[in-house]
Amino acid sequence: MRSQIYRTASRTVKSLLSASRSSPLLCEGRTAAVATLTTFRGRIPTVTSFHERAQYKSSQSGWLSAALTLPAAAYMLHDQEAHAAELERTFIAIKPDGVQRGLISEIISRFERKGFKLVAIKLVVPSKDFAQRHYHDLKERPFFNGLCDFLSSGPVLAMVWEGEGVIKYGRKLIGATDPQKSEPGTIRGDLAVVVGRNIIHGSDGPETAKDEIALWFEPRELVSYTSNAEKWIYGAN
C-alpha cells in the first residue's frame, strides 16, 4: 500500500513540476509545493498543516494545494527513507590501553562532534579465543599471538557508529595504524605514540564492518532511531 502511494506521489509531483514550465498558474503551484516540502523536511505534515502552508492569494490556484497534500507528504516520506538507506554502520573499539588511560569520553566526543550517531555500545573483556576470531585475517603474521593477548588483557569498549560515509571517514578520524605516521588532529596522532598501543580499532571496509558488528553484537543490541540533530547534519536547503 505504502509503495503504491510513493509511486503515485512521485508521478504526481514530477508531472506538476514538468507542467509548471509552460503554465504560469502551475508555476506558482510549483513554487509553493517545493517551499512546503522544504519546510516540512524531517517530519510528516498533516493534511491541515500542509493545506495551510500551500494557500494562495488567488482562489483560482487554491485547488493545487489540496491536490498536492497527500502525494507530496508521501513523496517526502519516501525521500526520508531513501536517505536512511544510504547511512552505513561501522565497528569501532577502544582497546584496553585506551580504556585504562581514561580516553573513552575523548574518543566518543570526536565521533559525536563529527555528526555520527552511536547505535550500540558495551564494555567487555574478550577472551583469547574471541580475540583470535576478531583478528583472524592476521593469523599468519608474526605478531598475531601478541596482538590477541593484548586485546584480551582488559576491558574493551565496543561500539557501532552510524552515518553517511562513517566507515571511510571513521578511519580518517582514527588515523594511521602507526601513531608516528598519523596526522595531528587524528585520534592516534594526538593520543598515541607506538603501534602496539594505538588505543583504537576501526573497520576498514563495508564487508569488514558487517562481519565485525556481527561478531561483537547481537542484532537486538543494535538500536535504530532518529536523532534530533540529523536535520541539522543532513538537511537540504
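- Placement of Tyr135 and Ile199 in two distinct hydrophobic clusters is found when ILVMFWY residues are connected by side-chain heavy-atom separations under 4.5 Å, directly or transitively.
- The side-chain heavy atoms of Ile94 and Val156, taken from C-beta on, include no pair separated by under 4.5 Å.
- Considering only heavy atoms from C-beta on, Pro179 stays 4.5 Å or farther from Val193 through its side chain.
- Hydrophobic clustering, with ILVMFWY side chains joined whenever heavy atoms are under 4.5 angstrom apart, keeps Phe150 apart from Phe130.
- Qualifying salt bridge (charged side-chain N to carboxylate O under 4.0 Å, His left out) partners for Lys117, counting only residues two or more places apart in sequence or in other chains: Glu162, Glu230.
- To the nearest 0.5 Å, atoms CD1 (Ile200) and CG (Leu157) are separated by 9.5 Å.
- Note on residues 122-141: pairs passing salt bridge (charged side-chain N to carboxylate O under 4.0 Å, His left out), not counting sequence neighbours, are Lys122-Glu221, Lys128-Asp149.
- By the criterion of side-chain heavy atoms lying less than 4.5 angstrom apart, applied directly or through intervening Ile, Leu, Val, Met, Phe, Trp or Tyr residues, Val223 is grouped together with Val124 in one hydrophobic cluster.
- Screening residues 207-218 for side-chain hydrogen bond (donor to acceptor under 3.5 Å, both in side chains), with sequence neighbours left out, gives His134-Trp216, His201-Glu212, Ser203-Glu212, Asp204-Thr208.
- Considering only residues two or more places apart in sequence or on other chains, Ala214 meets the side-chain contact (heavy atoms from CB on, under 4.5 Å) condition with none of them.
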Residues 100-114, side-chain donor-acceptor partners within the protein, below 3.5 Å, at least two apart:
unit_1: Arg101; atom_1: NH1; unit_2: Leu191; atom_2: O; d: 2.7
unit_1: Arg101; atom_1: NH2; unit_2: Leu191; atom_2: O; d: 3.0
unit_1: Glu106; atom_1: OE2; unit_2: Arg110; atom_2: NE; d: 2.9
unit_1: Glu106; atom_1: OE2; unit_2: Arg110; atom_2: NH2; d: 2.9
unit_1: Ser109; atom_1: OG; unit_2: Ser105; atom_2: O; d: 3.2
unit_1: Ser109; atom_1: OG; unit_2: Glu106; atom_2: O; d: 2.7
unit_1: Ser109; atom_1: OG; unit_2: Arg113; atom_2: NH1; d: 3.2
unit_1: Arg110; atom_1: NH1; unit_2: Gly185; atom_2: O; d: 3.1
unit_1: Arg110; atom_1: NH1; unit_2: Thr186; atom_2: O; d: 3.4
unit_1: Arg110; atom_1: NH1; unit_2: Asp190; atom_2: OD2; d: 3.2
unit_1: Arg110; atom_1: NH2; unit_2: Asp190; atom_2: OD2; d: 3.2

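- A donor-acceptor distance shorter than 3.5 angstrom exists from the side chain of Glu88 to the backbone of Val166, with no hydrogens or angles considered.
- You'll find the side chain of Tyr234 reaches within 4.5 Å of the side chain of Glu164, heavy atoms only.
- Looking only at side-chain heavy atoms (C-beta outward), Pro96 and Ser153 come within less than 4.5 Å of each other.
- Side-chain atoms of Arg188 never come within 3.5 Å of backbone atoms of Ile174 as a donor-acceptor pair (strictly under, hydrogens ignored).
- Hydrophobic clustering (side-chain heavy atoms under 4.5 Å, transitive across Ile, Leu, Val, Met, Phe, Trp, Tyr) keeps Ile167 apart from Ile233.
- Between the side chain of Arg89 and the backbone N or O of Trp161, no donor-acceptor pair lies under 3.5 Å.
- Rounded to the nearest 0.5 angstrom, Phe143 CZ and Cys148 SG are separated by 10.0 Å.
- Across Ser152 and Ala131, no two heavy atoms sit closer than the pair CB-CB, 4.5 Å.
- The salt bridge (charged side-chain N to carboxylate O under 4.0 Å, His left out) analysis of residues 169-180, with sequence neighbours excluded, yields no pairs.
- Between Asp97 and Val99 there is no side-chain heavy-atom pair separated by less than 4.5 Å.
- Here the closest non-hydrogen pair linking Phe217 and Ala120 is CE2-CB, 3.7 Å.
- Hydrophobic clustering (ILVMFWY, side-chain heavy atoms < 4.5 Å, transitive): Tyr225 and Val160 are in one cluster.
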